Structures are given as structure tokens and as C-alpha cells.
> 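Next up is a structure, given as C-alpha cells.
Just the heavy atoms: all of them, side chains too, but no hydrogens, waters or symmetry mates, feed the values below. Residue numbers begin at 1 in each chain, while the letters A, B, ... track the order of the sequences. Everything numeric in this text was worked out from a predicted model, so none of it was measured.
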Amino acid sequence: ILNVEQSPQSLHVQEGDSTNFTCSFPSSNFYALHWYRWETAKSPEALFVMTLNGDEKKKGRISATLNTKEGYSYLYIKGSQPEDSATYLCASFGGGKLIFGQGTELSVKP
Amino acid sequence: ETGVTQTPRHLVMGMTNKKSLKCEQHLGHNAMYWYKQSAKKPLELMFVYNFKEQTENNSVPSRFSPECPNSSHLFLHLHTLQPEDSALYLCASSQDTSGRGTDTQYFGPGTRLTVL
């Protein structure tokens with residue numbers, strides 16, 4: 001059974017700050033790592049699907065890196081804005097299903 | 001309407017009630033999923049349907065009964081639930097359930113269920 005861990009659990013930053021958080025997953029039998037952004041009362045929104053060691057993906061001010069050998073992925077947000085406030089989820093595919101972490105709750109103050 | 005929709009958005013029911021949650025996807029996908037999120041816990045997979053056939057039952061109690069009449073619709077029938085079943089129930093869809101795990105899942109907004 002996979003265990004996906006995210007840190008920190010919550011993060012409070014000022015508008016304009018850059019920030020990053022971590023997703024840890026078992027490195028054996030790795031298939032894919034997913035990142036989602038989830039605003040309160042809305043649907044989780046897919047950000048990235050990553051499969052290759054060393055891969056880096058970017059979407060606007062948000063980027064993610066992947067290290068499958070050591071079992072971690074970083075999500076970076078450059079110049080955080082209040083609209084970036086959300087919970088960021090990662091999920092690793094294993095045993096035929098996505099295993100989610102608990103998420104990192106980001107709050108960006110104006 | 002586009003994406004994945006769920007109804008109702010909120011539901012309060014007693015332990016002896018029978019109710020159903022509905023999910024509809026407008027993306028032409030072949031796979032649909034039910035997830036549960038209890039307070040302070042990660043999203044947990046409950047059921048998977050691929051081309052209307054159930055392919056995963058993640059040891060879910062029989063008081064939860066899924067139904068997938070076609071690839072666009074998914075139901076979760078609820079009966080004799082317990083207060084600890086109170087949670088957010090999310091539906092998702094994907095193109096299919098490839099074993100590579102690269103299919104993006106698209107989620108609905110969820111149904112907030114309270115069992116009294």
C-alpha cells in the first residue's frame with residue numbers, strides 16, 4: 001500500500017512571495033505522479049501529470065519537478081497571488097489507482 | 001454544461017433513509033470513479049467503472065451501492081448509513097483506466113453528505 005505524504009500541511013504567504021511544497025511517495029514501482037489544485041467549494045483541477053525522472057512541467061507561474069529515484073516532487077509558485085489560495089494535492093499511481101496525499105493548504109494574503 | 005456535474009451538492013439524511021447521489025460527465029470519457037473525503041483525511045477511492053463495468057471496489061461497505069447505467073452517468077445509492085459516513089463524496093471521470101496511471105481524472109464539485 002502506497003503512502004503519499006505532503007508537507008507542509010498549511011502555508012501562509014504574502015502576495016508576491018514565491019513558495020514551494022513537497023510530495024513524497026514510494027519510489028519503487030513508480031508509474032505517474034499527479035498534481036491537483038482544489039479551491040474551496042469547487043472541483044479539484046488537474047495541474048500536471050508527471051512520469052519521467054527529472055521531468056519539469058510549467059503552467060503559468062506554477063511549476064513542478066519530479067525525482068522518481070528518491071520519491072519526491074516539488075511544486076513551485078512564483079510571485080503568489082491571492083487567487084492562488086487553494087489546497088494543492090498530489091497523487092501517485094499504484095496498485096491500479098491514484099493514492100492521494102492530504103494536501104498542502106496555501107493561503108496568500110494581499 | 002461541460003465537465004463533471006454532481007447532484008445534490010448537499011444532502012442531510014437519517015440513518016434509516018435511502019438516497020442517491022448522481023454524477024454526470026460531459027467529456028466523452030469511458031471511466032468513472034467515486035471518491036470519499038472524510039475530515040482531515042486524503043481522498044480515498046471507493047469504486048471504479050470502465051466502459052460501464054465495475055473494475056474496482058475498494059472494500060466499501062455494502063450500504064454504498066454504485067450503479068453505472070452508461071458511460072456518462074454514475075450513481076451512488078445510500079441506505080442505512082452511519083454518522084461516520086458523513087463526508088464529501090466526489091465523482092471523477094477519465095478517458096479510460098490505462099494501467100500506466102497517466103490518464104488525468106476530472107472531478108466534480110462533490111456532494112457534502114451529513115448523516116444524522
> Let's test your reading of the structure: which of A/H34, A/E45, A/K42 forms the most heavy-atom pairs below 4.5 Å with chain B?
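The option with the most such pairs is A/H34.
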> According to a hydrophobic-cluster definition based on side-chain heavy atoms being under 4.5 Å apart (Ile, Leu, Val, Met, Phe, Trp, Tyr only), do B/Y49 and B/F75 belong together?
no
> Which atoms of A/L33 are under 4.5 Å from chain B, going by heavy atoms: the side chain, the backbone, both sets, or neither?
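For A/L33, neither part sits under 4.5 Å from chain B.
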> Does NZ in B/K19 sit with more than 12 non-hydrogen atoms of other residues, nucleotides or ligands closer than 6.0 Å?
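Open: at most 12 neighbouring heavy atoms sit under 6.0 Å from NZ of B/K19.
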> Are B/V60 and B/L45 grouped together when hydrophobic residues (ILVMFWY) are joined by side-chain heavy atoms under 4.5 angstrom apart?
no
> Any non-hydrogen side-chain atom of B/N58 less than 4.5 Å from a side-chain atom of A/K97?
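B/N58 reaches A/K97 side chain to side chain.
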> Can you tell me which portion of B/R112 sits under 4.5 Å from chain A's heavy atoms? Options are side chain, backbone, both or neither.
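For B/R112, no heavy atom lies under 4.5 Å from chain A.
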> Is the number of heavy atoms from other residues, nucleotides or ligands under 6.0 Å of B/N70 CG greater than 12?
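Enclosed.
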> Do A/Y76 and A/W35 sit in the same hydrophobic cluster, where Ile, Leu, Val, Met, Phe, Trp and Tyr count as joined when their side-chain heavy atoms come under 4.5 Å apart?
no
> Between A/S43 and B/P109, what is the shortest heavy-atom contact and its length?
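Taking A/S43 first and B/P109 second, the nearest heavy atoms are OG-N, 3.1 Å.
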> Heavy-atom count around A/E39 CD within 6.0 Å, excluding the residue itself: above 12?
yes
> Which atoms form the tightest heavy-atom contact between A/L89 and B/L43, and what is the distance?
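Closest approach of A/L89 to B/L43: CD1-CD1, 4.0 Å.
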> Does B/Q105 reach the side chain of A/Y36, with side-chain heavy atoms less than 4.5 Å apart?
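Yes; the side chains approach each other to less than 4.5 Å.
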> Do A/F100 and B/Y35 come within less than 4.5 Å of each other through their side chains, counting heavy atoms only?
yes
> State, to 0.1 Å, how close B/R100 and A/Y31 come at their nearest heavy-atom pair, and which atoms those are.
O-CB, 3.5 Å
> If you compare all heavy atoms of A/Q102 against all heavy atoms of B/K41, which two are closest, and at what distance to 0.1 Å?
NE2-CA, 3.9 Å
> How long is the gap from CD on B/E44 to CD1 on A/I99, to the nearest 0.5 Å?
9.0 Å
> Which atoms form the tightest heavy-atom contact between A/P44 and B/G108, and what is the distance?
CD-O, 3.8 Å
> Should B/L90 and B/L113 be counted in the same cluster of Ile, Leu, Val, Met, Phe, Trp and Tyr side chains packed under 4.5 Å apart?
no
> Step through the shown structure and confirm whether more than 12 heavy atoms of other residues, nucleotides or ligands are within 6.0 Å of CD on A/E105.
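No, because the 6.0 Å sphere around CD of A/E105 holds 12 heavy atoms or fewer from other groups.
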